[in-house]
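Presented below is the structure to which this report refers.
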Amino acid sequence: MAKTKKIALHTKILIGMIVGIVAGVIIKQLGLDPETLQTIIAWVEPVGQIFLRMVFMTVIPLVFAALVMGIAEIGDLKRVGRIGVRLLFYSLIVSSVSVFIGITLVNVFEPGHSLSPETRDYLTTEFKDQSDAASQNAEFAKERTVGDIVTNIVPKNPLADMVRAFDANYTGGGLLAVMFFALIFGIAMASVDEEKTVTLKAFFEGLYEVVIKIIGYAMQLAPYGVAALLFNLTVSVGASFLLVLLKYVLIVLAGLAIHQFVTYSIILKFFANRNPAEFFRKSSEIIITAFSTSSSNATLPTAISVSINKLKIPKPIANFVLTIGSTANQNGTALFEGITVLFLAQCFNVELSLMSQVTVVFLCILAGIGTAGVPGGSLPVIVTILVSIGVPGEAIGLIYGVDRILDMSRTVLNVTGDVTAAAYIQNIEDKSEFKSIGLEENP
Ligand code: ASP
């Protein structure tokens with residue numbers, strides 16, 4: 001019997017998106033009475049919501065496990081010495097540049113502000129409860145002093161913050177406090193005698209893997225979820241939102257292109273002593289793998305082998321920098337998250353104070369450590385950031401339909417960013433030195 005060819009998930013998501021939009025446009029054209037339309041919308045609604053909830057349920061365990069492990073790894077890095085510290089600083093500086101590019105573009109072009117009043121009304125009604133609470137919180141936030149905000153980030157009871165993390169009426173630290181607790185936990189874990197934390201480390205590694213599996217299940221539902229979300233959106237507001245969405249997509253792609261071709265080229269030319277065009281050409285296999293898998297983790301083996309064999313980066317540096325970098329250095333993701341959060345805030349008319357914008361930048365840089373290197377790894381992190389600045393977490397549903405292409409593109413940046421970091425570190429390291437800090441010559 002001939003085996004039927006399996007359709008790739010991203011193709012299915014694209015089909016889901018088209019089906020949702022086309023069906024929505026058709027139903028809208030039929031001119032049904034509002035009651036019938038509402039009934040149809042109510043029937044379709046659960047499909048989209050179940051998909052979103054599958055993503056939501058991973059947020060707390062994922063943020064916690066990924067941050068604890070990321071920090072614990074950096075703790076190890078410190079022990080191996082200079083390379084670790086250099087990678088950490090490199091990562092922080094280059095991620096900040098990428099977030100800055102993204103935030104500048106989204107502030108200049110303001111894609112979310114081109115939303116028609118009709119669409120904005122729909123969004124605020126659709127997410128009424130969350131929006132009301134969010135604006136209440138925003139009001140409340142205006143009265144808070146910087147001291148209050150900072151104090152709130154330190155949780156009194158981290159479990160309370162976890163339980164009420166998606167509760168828009170909650171005025172405690174919420175997800176930010178959970179992240180803070182994870183950071184402290186990770187730092188403490190890295191400084192405790194290693195023998196004593198073996199089981200704990202294994203536990204977090206296990207937790208991380210299980211959560212990633214659940215994200216995988218959620219991705220399987222994505223084509224249906226996306227179809228349902230876009231169907232309801234198109235039935236309710238027509239296809240006008242799609243133009244706004246297109247503007248947003250183009251802005252993300254432009255930001256990614258600037259970071260890839262300008263920032264990385266400058267680093268390669270001036271800090272790594274490489275010819276950028278040749279470097280990118282030799283990295284083509286890495287770029288193709290990252291683009292087609294949408295996963296930094298899945299691209300790791302290709303990245304290591306190409307770096308060693310074609311880019312001539314010494315094995316110890318390639319192994320070390322690329323492995324840590326695949327989870328802890330994600331420039332494309334940081335750039336994308338900054339644009340997306342501000343775009344959605346614009347869609348919901350949430351005015352962000354300077355303090356909130358600074359929070360977004362800080363969280364996006366932190367997201368470089370807290371985002372899993374798997375397809376859609378950003379989504380739970382974006383929910384986290386949205387909630388912390390008073391935008392309903394469910395708003396993520398608006399961009400989900402177009403996320404795959406953005407995911408493929410930002411993953412390319414994440415991985416080429418790691419390889420660029422490895423070339424930079426190779427350039428400043430004397431080969432004889434890394435032996436002395438305990439890096440193995442063999443993989
Ligand atoms: N897919 C990305 C990666 O693996 C993570 C993300 O931004 O969703 O690098």
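Counting only residues at least two apart or on different chains, no ring pair (Phe, Tyr, Trp, His ring centres under 6.0 Å) pair has a member in residues 296-317.
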Working for side chain to side chain contact (heavy atoms under 4.5 Å, CB included), residues Ile308 and Ile313: CA-CA 5 Å; Ile308 296 171; Ile313 294 172; 5.8 Å; no
Worked verdict on Gln357 versus Leu342 for side chain to side chain contact (heavy atoms under 4.5 Å, CB included): CA-CA 8 Å; Gln357 295 229 13; Leu342 294 193; 4.0 Å; yes
Full working for side chain to side chain contact (heavy atoms under 4.5 Å, CB included) between Met162 and Phe64: CA-CA 10 Å; Met162 287 184 193; Phe64 202 75; 4.1 Å; yes
Steps toward side chain to side chain contact (heavy atoms under 4.5 Å, CB included) verdict (Tyr248, Val106): CA-CA 8 Å; Tyr248 153 78; Val106 78; over 6 Å; no
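Taking OG1 from Thr359 and CZ from Phe362, the interatomic distance works out to 8.5 Å, rounded to the nearest 0.5 Å. To the nearest 0.5 Å, atoms CG (Leu242) and CE (Met17) are separated by 7.0 Å. Atom CD1 of residue Ile287 and atom OG1 of residue Thr299 lie 11.0 Å apart, to the nearest 0.5 angstrom. Here CD1 of Ile382 is found 4.5 Å from CD1 of Ile396. Values are rounded to the nearest 0.5 Å. Rounded to the nearest 0.5 Å, atoms CD1 (Ile286) and CG (Leu322) are 7.5 Å apart. Here CG of Leu406 is found 10.0 Å from OG1 of Thr411. Values are rounded to the nearest 0.5 Å.
Within the 3.5 Å criterion, the main-chain N or O of Ile103 finds a donor-acceptor partner in the side chain of Asn107. For Ser284 (side chain) and Phe280 (main-chain N/O), no donor-acceptor pair under 3.5 Å exists by modelled atom type. No donor-acceptor distance shorter than 3.5 angstrom exists from the side chain of Ser95 to the backbone of Leu92, with no hydrogens or angles considered. Using modelled atom types, no side-chain atom of Asn331 and backbone atom of Val94 make a donor-acceptor pair closer than 3.5 Å. The backbone N or O of Pro61 sits nowhere less than 3.5 Å from a side-chain atom of Tyr208 that would complete a donor-acceptor pair.
Partner of Phe109 under the side-chain contact (heavy atoms from CB on, under 4.5 Å) criterion, out of Ile251, Thr104, Ile339, Leu250: Ile251 alone.
Nearest heavy-atom pair across Leu245 and Leu398 is CD1-O, 3.7 Å. When every heavy atom of Ser296 is checked against every heavy atom of Gln330, the shortest pair comes out as OG-NE2, 3.9 Å. Considering all non-hydrogen atoms of both residues, Phe181 and Pro155 come closest at CB-CG, 4.1 Å. The two atoms that bring Met189 and Lys201 nearest to each other are CE-CG, 3.4 Å, heavy atoms only. Ala395 and Leu344 make their closest contact through O-CD2, 3.8 Å (heavy atoms, listed as atom of the first residue, atom of the second, distance). Considering all non-hydrogen atoms of both residues, Ser307 and Ala318 come closest at CB-CB, 4.2 Å.
The closest side-chain heavy-atom distance from Glu337 to Val99 is not below 4.5 Å. With contacts defined as side-chain heavy-atom distances shorter than 4.5 Å, the pair Ile101/Thr263 qualifies. Inter-residue side-chain proximity for Val321 and Asp418 is flagged as unmet; no heavy-atom pair is nearer than 4.5 Å. Under the 4.5 Å side-chain criterion, counting only non-hydrogen atoms from C-beta, Val341 is in contact with Leu386. Counting only heavy atoms from C-beta outward, the side chains of Ile428 and Phe271 never approach each other to under 4.5 Å. Contact annotation: the side chain of Ser409 approaches that of Leu253 to within less than 4.5 Å [non-hydrogen atoms, C-beta and beyond]. Side-chain contact between Asp407 and Ser378 is absent, with no heavy atoms from C-beta onward closer than 4.5 Å. Looking at Phe279 and Thr420, their side chains come closer than 4.5 Å, going by heavy atoms from C-beta outward.
Salt-bridge annotation for Glu278 and Lys282: present, with a side-chain N of the basic residue lying under 4.0 Å from a carboxylate O of the acidic one.
Aromatic ring pairs are classed by plane angle as parallel below 30°, tilted from 30° to 60° and perpendicular above 60°; the pair Phe204 and Phe185 is perpendicular.
Contacts of Thr416 classified as side chain to side chain donor-acceptor pair (under 3.5 Å), with partners at least two apart in sequence or in another chain: Gln260.
Stacking of Arg410 on the aromatic ring of Phe336 is recorded, both the 6.0 Å distance cut-off and the 45° axial limit being met.
Here Tyr224 and Phe51 keep their ring centres 6.0 angstrom or further from each other.
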